[in-house]
Amino acid sequence: MKLKENIAISDSGYLFNPSTGESFVLNPLGMEVLQFVKKGKSFEEISKEVLTRYSVDSITFEKDYQDFIHQLRQYLLIGSDE
Amino acid sequence: MNKKRVTVGISGLNAIDSPGPGMAVAMGLHEARSLDVRIIGLAYESLEPMIYMHDLVDRTYQLPYPSSGSDMILSRLEYIQEMEHIDVIIPNFDAELYSFMKIEPQLKRMGIRMFLPAMEQYEERHKVNLSKFGEKYDILVPHGKAVFEPKEVFDIKSEFTFPLLVKGKWYDAYIAYNIEQVLTCFNKISAKWGLPVILQKFVHGSEYNVTGLGDGAGTTVAAVAMRKQYITDKGKAWAGISIDDTYLLELTRKFVTATKWRGAFELEMIKTQDNKYYLLEINPRIPAWTYLAVGVGQNIPEALVRLALGLKVQPYESYDVGKLFIRYSKDMIVDREEFEKLSMTGEL
């Protein structure tokens with residue numbers, strides 16, 4: 001899964017899609033997960049990182065992660081074919 | 001760079017909540033790198049704010065309304081030309097374009113150039129003909145119908161679902177949720193802007209616009225896409241952001257190439273949730289938000305003046321993405337004498 005190349009993300013968590021003009025604000029965890037996605041990490045790798053650092057069970061994280069990815073897809077921030 | 005001195009007449013001085021493009025055009029011309037511009041304002045009403053903005057407009061003359069006929073306008077412009085020696089006029093109101101197109105040859109003989117669409121281009125993209133336009137150029141257009149009489153409104157049930165848009169042939173658009181509301185809007189709009197009134201299928205989505213300039217030979221000289229960020233109750237963008245939407249820009253180039261569009265234009269588009277673009281309107285003039293185009297690197301008013309004068313123009317290839325325009329309103333303090341002079345003599 002790959003974030004679209006032209007998406008701009010600032011350190012503050014502000015995300016801008018230059019194709020659509022839409023902007024979003026990510027919370028710190030969303031920002032962290034997106035940075036992992038940007039680096040091309042798999043779900044397993046991301047899950048391992050998050051579960052180690054936060055008190056969350058794997059089922060809850062997977063649900064939230066899929067929800068988050070679904071939103072990224074819906075807002076055309078990641079390619080629909082990926 | 002040696003700047004060429006030019007005198008440009010502009011209309012659309014009504015910098016109000018549904019603003020004319022005059023202010024953006026004047027600001028763009030003052031920032032032109034290749035032109036040293038003197039601006040002559042052409043006003044219809046004595047309270048058009050730009051008349052009194054002497055930092056933007058050097059001198060203003062009142063014009064007769066377009067409805068008074070081409071001869072009246074021409075006669076007034078002859079007088080203005082004797083006084084000001086205008087090189088180029090940029091008409092910025094939809095309602096006056098037809099009159100200016102008709103008198104283009106006479107103005108040329110007086111030494112005034114314009115860079116307007118040809119009459120066929122102007123008619124073909126008219127709101128009344130937009131559905132056919134969409135079919136011809138393979139662009140999605142919401143179903144529309146021109147209505148000339150109130151009784152026709154009762155026959156639309158098989159063609160439209162509610163809500164639908166009711167639009168004037170020049171300006172104004174309202175959403176109607178039932179036949180009664182359509183009738184009310186029809187009466188309101190036809191009383192103000194005449195007939196026909198256009199009914200258009202309501203398409204829900206985000207509003208995107210492109211402003212651009214065609215050289216009349218199929219080349220897109222400028223094109224900037226913008227997403228409306230804040231919309232007033234009149235549907236006007238009060239803030240917007242420049243975007244890099246490949247599809248919109250390709251569609252714009254396709255439009256310019258296919259129609260060999262001559263002059264400035266604005267494409268009003270809507271993007272649905274399933275990412276389909278519908279063309280809502282083509283305005284055959286510079287839009288009021290054109291200063292965003294200037295701010296991101298494409299000075300459309302400057303390029304238009306150069307084209308009108310027959311000067312070389314290098315098409316713009318790119319622009320800054322992610323820049324916003326945010327409109328604001330401001331009160332001006334004006335001496336009564338200025339208002340009096342304009343009202344009594346028709347010039348200031």
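Side-chain atoms are counted along with the backbone in the values below, which use heavy atoms only and exclude waters and symmetry mates.
Counting all heavy atoms, side chain and backbone alike, Pro18(A) lies closest to Val321(B) at CB-CG1, 3.4 Å.
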Report the donor-acceptor contacts between chain B and chain A below 3.5 Å as a table, one pair per row.
| residue | atom | partner | partner atom | Å |
| --- | --- | --- | --- | --- |
| Tyr208(B) | OH | Thr20(A) | O | 2.9 |
| Arg227(B) | NE | Thr20(A) | O | 3.2 |
| Asp244(B) | N | Pro18(A) | O | 2.5 |

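Scanning for side chain to side chain contact (heavy atoms under 4.5 Å, CB included) contacts around Ala173(B) gives Lys167(B), with sequence neighbours left out. Not counting sequence neighbours, the partners of Arg285(B) by the salt bridge (charged side-chain N to carboxylate O under 4.0 Å, His left out) test are Asp94(B). The side chain to side chain contact (heavy atoms under 4.5 Å, CB included) search around Phe202(B) returns Pro163(B), Leu165(B), Ile175(B), His204(B), not counting sequence neighbours.
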